[in-house]
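Take a look at the structure below.
If you're wondering where the values come from, they're calculated on a predicted model, not measured in any experiment. First the proteins, then the strands, lettered A, B, ... as listed; each starts at 1.
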Amino acid sequence: MNVAEFAKENKIGIAGVAVLLAAAAIAAVAMDLPLWDIVTVGFVERSFQAATPIALTAIGGLYAEKSGVFNIGVEGFMIFGAATAATMMWIISGGDPGQSDIWLAILASMLVSLVLAILFAILMIRYEADQIVAGLALWFIGLGFGPFMAVLVWDSRNSPSLESINDLTIPVLADIPVLGPILFDTSPLVIATAILAVVAWKVLNDTKYGYWIQAAGENPEALDTAGVNVTRVRYAAVIFSGVMAGLGGAVLLAQAGSFTGSGQTMVGGRGWIGIVAYLFGNYNPLGAGVAALVFGGLDMLQIQLQTVGIEVPNRLVNLFPYVGVIIVLSVWGSTRTPSAVGETYESEE
Amino acid sequence: MSGTSGRLYDALDRAADRMLRASVFERLAIATASTALALLIGVSIVAAVGYDPVQFITSLIEGALGGRSAIARTLRFSTLFILTGVAVAVAFRAGVFNIGVQGQFVVGGITTIMSIIWLAPLLPEGVVGGVALIIIGTLAGTLAGGAYGALPGALKAYADANVIITTIMLNFIATGVVGWLVQNPLRGEGNAAPNTERIPEYVSFPRIVFDSSGFSIIGLGIALATVVVIYVVMERSRFGYDMVTSGHQESAATYSGVSAKQTVVSTMALSGMVAGIAGAVFAIMIQGYYTDPSGIGTYGFDAIAVSLLAANNPLGIIPAGLLFGGLESAGSHIGIYTDVPVQLIDGVIGLVILFVAVPELFRMAAARTGLGGDR
Amino acid sequence: MEGITKRFGDVVANDSVDFSLEEGSIHALLGENGSGKTTLMSVLYGLYEKNAGTISVNGEPRTFDSPRDAMDAGIGMIHQHFQLVDSMTVLQNIILGHEPTNNGLVDTSEARADIEEICSHYDFNVDQHLDTKIQDLDLGARQRVEIVKSLYRGADILILDEPTAVLTPQEIQDLLDVMEELADAGHSLIFITHKLGEALQTADEITVLRDGEAIGTVDAGETSEEELARMMVGREIQFDRPPRDPSDGASVLEASELRVRDDRDLEQVSGVDLSVQEGEILGIAGVQGNGQTELVEALTGLRDVDSGSVGFHGDDITETNRRQRIRDGIAYIPEDRTTEGLVQDYTLVRNALLGNQTVKPFVENGMIDWSAVDAHAGDIIEEYDVQPPDKSNEAKSLSGGNQQKFIVGREIEHNPDVMIASHPTRGVDIGSIEFIHDRLLELRESGMAIVVVSSKLDEIQKLSDRIAVMYEGEFIDTVDPVETTEEELGMLMAGHNTAEGDVAGENAPSGGVQS
């Protein structure tokens with residue numbers, strides 16, 4: 001598609017990025033910021049790492065919404081994913097986890113997420129649960145049972161220090177200036193997520209399953225009369241979103257190396273940011289990945305600024321994406337929400 | 001309303017409608033069943049993990065109702081749940097999905113505290129000043145909440161911005177901005193923690209009936225009065241009729257002369273105002289100052305469940321609010337006096353919300369087992 | 001198809017209908033709204049399950065439980081509301097559900113080749129737009145995509161449901177050409193329509209349905225518009241036109257050069273002038289979809305006008321909103337009682353307040369006096385014979401006729417100066433129809449100005465003092481019901497101006513005759 005169409009498609013994402021860059025430019029000039037001390041390679045590398053859990057959740061969430069089911073409970077899934085990974089790691093390794101235990105824990109966490117996601121999907125689709133409320137419910141359940149698991153295992157909402165995932169260095173590629181350390185000398189989960197984003201994008205756009213998902217969310221009747229079972233497509237998408245969000249939580253845990261269950265838990269709203277990310281990315285896995293990267297960067301920015309000696313109210317900086325969404329939604333109209341989101345679909349007799 | 005967001009609302013409408021259409025008996029049955037099932041699961045988990053389920057249940061009851069301080073605590077929570085629940089009900093009944101009650105609650109609360117702190121020096125001390133400040137503070141909080149609610153309402157009506165997303169965003173924004181405010185500009189002098197100053201001693205609700213620092217019957221009275229006022233507005237005023245009719249069938253409302261856009265904004269404003277009252281009561285009665293909102297408690301979100309449980313009927317909010325108040329109170333008790341982690345209660349509340357969201361589940365179960373005669 | 005019967009609850013949508021399609025021919029299924037045409041075809045396509053009757057394709061009896069079965073039997077349907085995914089491309093839509101794959105990915109080159117093959121037989125240019133998104137195509141192009149979609153899936157028999165409803169005249173011509181090409185190539189087509197002219201022009205055979213029954217099948221070459229109009233409209237009951245004195249009151253409601261657009265921004269009312277006097281019933285006749293809905297919405301304040309003005313008692317009310325117009329005294333019996341006229345979940349008491357929110361004594365100082373509303377509801381039920389006479393019933397539990405009577409009663413009790421009634425007896429039982437007609441005539445006697453919009457010719461003729469026939473957004477002519485025959489009215493409704501002998505749309509005189 002040509003430039004004009006691309007621009008129209010992604011007007012929200014582009015608008016968001018433009019606003020961000022403008023703000024950054026103004027800030028840089030007004031506050032006389034030493035830009036290159038801030039945007040270091042290390043900063044970018046950490047941003048990628050921070051972005052990974054968000055990106056995973058975003059990709060899953062957008063698949064669900066694209067198919068017509070708004071999975072607003074991804075935050076809950078993330079919390080479960082993180083808590084399960086942490087507790088599994090402890091249990092599997094008998095209290096002294098090593099690298100291999102991390103991978104096993106992630107796998108176990110994904111299995112648990114799968115079960116949860118199936119139950120959730122059944123409630124949403126078969127029992128026509130109110131999507132908003134059910135999603136919020138899952139969030140509360142996660143906020144409750146996640147730390148509960150921690151307390152069961154460690155008598156505290158927070159885990160002791162476990163094991164965080166080691167960086168993976170790919171020999172030749174890691175030496176590429178700039179790109180090398182960012183992509184090839186970092187947590188393998190980053191690369192895996194990047195690959196996943198590309199695969200998700202390809203599947204959505206170029207496979208028949210991708211077609212079906214899109215149709216299920218835009219015009220399920222058209223899909224039905226084309227002879228495809230809409231319900232099955234939606235089940236698959238919702239389950240996928242739950243598993244991905246759970247994976248996002250597990251990855252968050254693996255990178256952090258310990259579980260924090262106090263307050264909003266270590267997930268701290270990343271599930272919501274994941275939703276915002278895919279909105280900004282206009283339901284495109286690649287776009288969502290880029291948006292997640294921006295948020296990851298904002299997350300790391302505060303620390304980075306501190307090292308340079310600039311004190312910026314962290315909380316205010318973190319609010320920027322939320323304000324951005326509101327402005328963009330108001331000025332540029334609604335995001336390209338799939339037309340049939342939220343509607344239960346019942347085949348005719 | 002554009003087709004894209006419009007259909008989502010239709011669907012949410014229909015789901016809420018299904019709840020609404022249920023007869024009172026059915027609603028009661030669903031509410032009871034949801035809570036019972038959730039508690040059952042909670043108890044099973046407790047037993048499975050090795051705690052004593054019987055002790056758990058007795059602690060629950062003790063925590064909610066065992067003794068004056070427990071009851072005071074229950075009523076304290078209930079007051080907030082009732083107020084925020086009504087805020088949600090107002091909006092949902094009119095077909096507007098205000099998920100932003102938490103943010104409106106926070107904005108109302110901080111406005112109340114700050115207006116009292118700023119105006120206190122201008123007014124006499126003692127009861128007269130106290131009452132005046134309470135009134136002014138509550139008014140300020142109410143208006144602030146209303147404004148913060150009207151904003152996403154206007155964005156929806158005139159810019160077609162999805163109200164669910166904007167209100168969720170505004171929740172985070174309120175929490176973040178207020179959290180920053182209490183850390184810096186508004187931090188009380190000499191406070192190590194990020195809190196504002198305290199409001200003067202004399203600005204508080206009198207301790208009648210319960211001698212509790214966190215709860216006054218007046219607070220509950222305000223909540224109940226609000227319920228009554230909102231009920232009257234919704235059932236007896238033209239504004240209420242227009243609002244509710246818009247929620248049921250917008251085309252009929254338009255036919256009868258209702259302006260859809262204006263109704264959305266006024267509904268959100270009213271909803272926000274009630275949330276503001278909740279914030280004011282919280283600030284004056286319970287907290288006495290304002291602190292980081294992220295530690296306050298998710299009243300605004302739980303309120304959604306309270307409202308659904310009550311089928312968005314203001315009168316039903318009272319028992320629903322009491323139920324949640326009881327659960328929450330039981331939760332604190334359990335967290336302090338037993339081994340069972342308080343998070344379990346949060347989880348159970350989550351389950352109640354989940355089951356409330358799936359009335360179909362119970363309907364089908366009822367149909368199959370022959371309960372609930374009229375279907 | 002033989003003896004097809006389809007019921008929805010109490011309503012018999014198809015009553016023992018026989019229908020047959022010859023190979024390579026174009027067969028039109030003609031009838032008014034609600035005559036059962038779409039239902040019949042939905043049964044054929046497997047969307048509905050029939051209650052009785054048999055279907056055979058090429059001599060073999062078949063049952064269709066779902067569209068997939070119909071597709072497998074070579075039947076394709078192009079619905080009135082296109083089954084297209086707007087955000088996806090033409091190519092993707094055509095192959096949806098039947099995607100050729102290569103190593104897991106969709107084989108777009110194979111799909112392209114197949115589609116180009118299909119298009120090469122006909123004069124479509126769909127294959128030039130394979131990568132365009134549906135949302136960027138005009139409606140005519142979208143329809144062609146739908147046709148290619150059916151062909152791609154192997155359809156021999158094509159059903160088109162009201163295909164010209166959303167097309168411009170030029171697009172309509174293109175479509176009719178396409179249909180002939182398809183028929184020549186051996187496909188068999190059925191198209192559903194309510195437009196006589198199209199049916200005659202394109203079809204080989206025409207079957208007319210009315211009120212669920214098949215009235216007859218005729219050869220297109222051997223029939224005429226008059227005969228078709230008569231078959232479509234029929235004669236239900238001999239409605240006697242009551243004698244009346246001519247009205248000579250002041251003009252109450254006027255419209256001048258009114259232009260109104262619909263939700264899709266298409267102009268539906270193209271310069272209408274009208275005026276209604278006290279004690280007069282102005283009937284607006286016409287086939288649904290010629291702008292009547294938008295005209296009524298503009299008059300009642302539910303839709304903004306593009307240009308022109310609306311006047312009431314001499315004052316310009318073009319800018320006043322709906323609520324104000326209710327207050328001024330313009331009552332409205334809406335076209336759609338289920339979505340507009342009543343809140344289905346509300347009791348009759350609550351519904352009695354609908355539209356009365358600014359009327360004393362029901363609402364004073366913003367507060368509702370429910371006992372007054374309650375009494376009002378009771379009065380309406382009693383006077384307008386609403387059954388069952390229980391005001392605490394929910395509106396949805398009432399039959400269509402009773403719902404309508406309630407609405408009529410409520411609106412009349414406004415004591416308005418003007419009453420606008422849009423299709424007031426649609427879907428209403430005979431007894432209630434009589435009742436409503438009697439009330440309207442009474443109101444006329446008492447001096448109210450009334451506008452009745454209807455597509456039922458007998459109703460229009462019985463009630464009206466003057467009949468304005470609306471066609472394509474204009475009043476093609478205004479006639480005297482006493483002196484105009486049903487056939488003439490039918491012709492006018494189809495766009496033929498008998499006075500001029502021209503086909504309307506080319507140089508039809510617009511505007512009504514003011515008396």
Side-chain angles (χ1 to χ4, degrees), chain A residues 1-2 4-11 62 65-68 198-233 282-284 287 333-341 343 345-349, chain C residues 6 8 39 42-43 45-51 64-72 75-79 81-89 91-109 111 131-136 142 145-146 149-150 152-154 159:
Chain A
M1 75 182 107
N2 62 35
E5 284 170 9
F6 180 77
K8 200 169 73 156
E9 275 278 292
N10 294 293
K11 58 188 177 183
L62 79 86
E65 196 174 332
K66 265 282 208 206
S67 85
V198 174
V199 170
W201 173 72
K202 201 76 173 120
V203 166
L204 192 59
N205 286 318
D206 289 324
T207 66
K208 64 181 181 184
Y209 306 110
Y211 285 14
W212 296 352
I213 289 176
Q214 291 184 54
E218 292 286 344
N219 190 346
E221 208 185 322
L223 188 62
D224 194 24
T225 49
V228 176
N229 188 327
V230 175
T231 311
R232 251 183 245 163
V233 172
N282 199 22
Y283 303 94
N284 177 334
S334 44
T335 52
R336 194 56 184 86
T337 314
S339 306
V341 165
E343 287 183 7
Y345 183 71
E346 279 153 25
S347 287
E348 322 231 6
E349 323 169 80
Chain C
K6 174 66 190 162
F8 293 105
T39 308
S42 298
V43 166
Y45 191 57
L47 286 169
Y48 293 155
E49 211 181 303
K50 57 188 175 330
N51 298 113
F64 300 125
D65 291 322
S66 76
R68 199 89 205 209
D69 295 337
M71 280 194 274
D72 290 340
I75 301 177
M77 185 156 174
I78 288 116
H79 302 257
H81 303 290
F82 300 141
Q83 303 284 311
L84 296 172
V85 182
D86 285 354
S87 59
M88 294 169 74
T89 65
L91 177 73
Q92 292 170 332
N93 269 282
I94 292 176
I95 62 178
L96 189 66
H98 302 256
E99 302 88 348
T101 56
N102 183 6
N103 290 332
L105 295 180
V106 174
D107 192 344
T108 51
S109 37
D131 293 317
T132 317
K133 294 205 178 145
I134 300 290
Q135 64 202 25
D136 295 328
R142 291 189 204 192
V145 172
E146 280 275 30
K149 191 166 83 170
S150 286
Y152 184 83
R153 294 173 187 175
I159 310 171

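Only the backbone of A:Asn205 comes within contact range of chain C, with at least one heavy atom under 4.5 Å from a heavy atom of that chain. In this structure, chain A has a heavy atom under 4.5 Å from the side chain of C:Thr108, while its backbone stays farther away. Using a 4.5 Å cut-off between heavy atoms, C:Leu84 touches chain A through its backbone atoms (N, CA, C, O) alone.
Interface remark: of the candidates A:Asp206, A:Val228, A:Val203, A:Asp206 forms the most heavy-atom pairs closer than 4.5 Å to chain C.
Rounded to the nearest 0.5 angstrom, A:Thr225 OG1 and C:Tyr45 OH are separated by 5.5 Å. Between the CG atom in C:Leu105 and the NZ atom in A:Lys202 there is a gap of 5.5 Å [rounded to 0.5 Å].
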Practice item. Go through the steps for C:Leu96 and A:Leu223 under the test side-chain contact (heavy atoms from CB on, under 4.5 Å), then give the verdict. Key: CA-CA 7 Å; C:Leu96 189 66; A:Leu223 188 62; 3.9 Å; yes

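Across all non-hydrogen atoms, the minimal contact from A:Ala226 to C:Met71 is C-CE, 3.9 Å. Closest heavy-atom contact between C:Met88 and A:Ala215: SD-N, 4.0 Å.
For the pairing with A:Tyr211, the side-chain contact (heavy atoms from CB on, under 4.5 Å) check across C:Val85, C:Val106, C:Asn93 returns one residue only, C:Val106.
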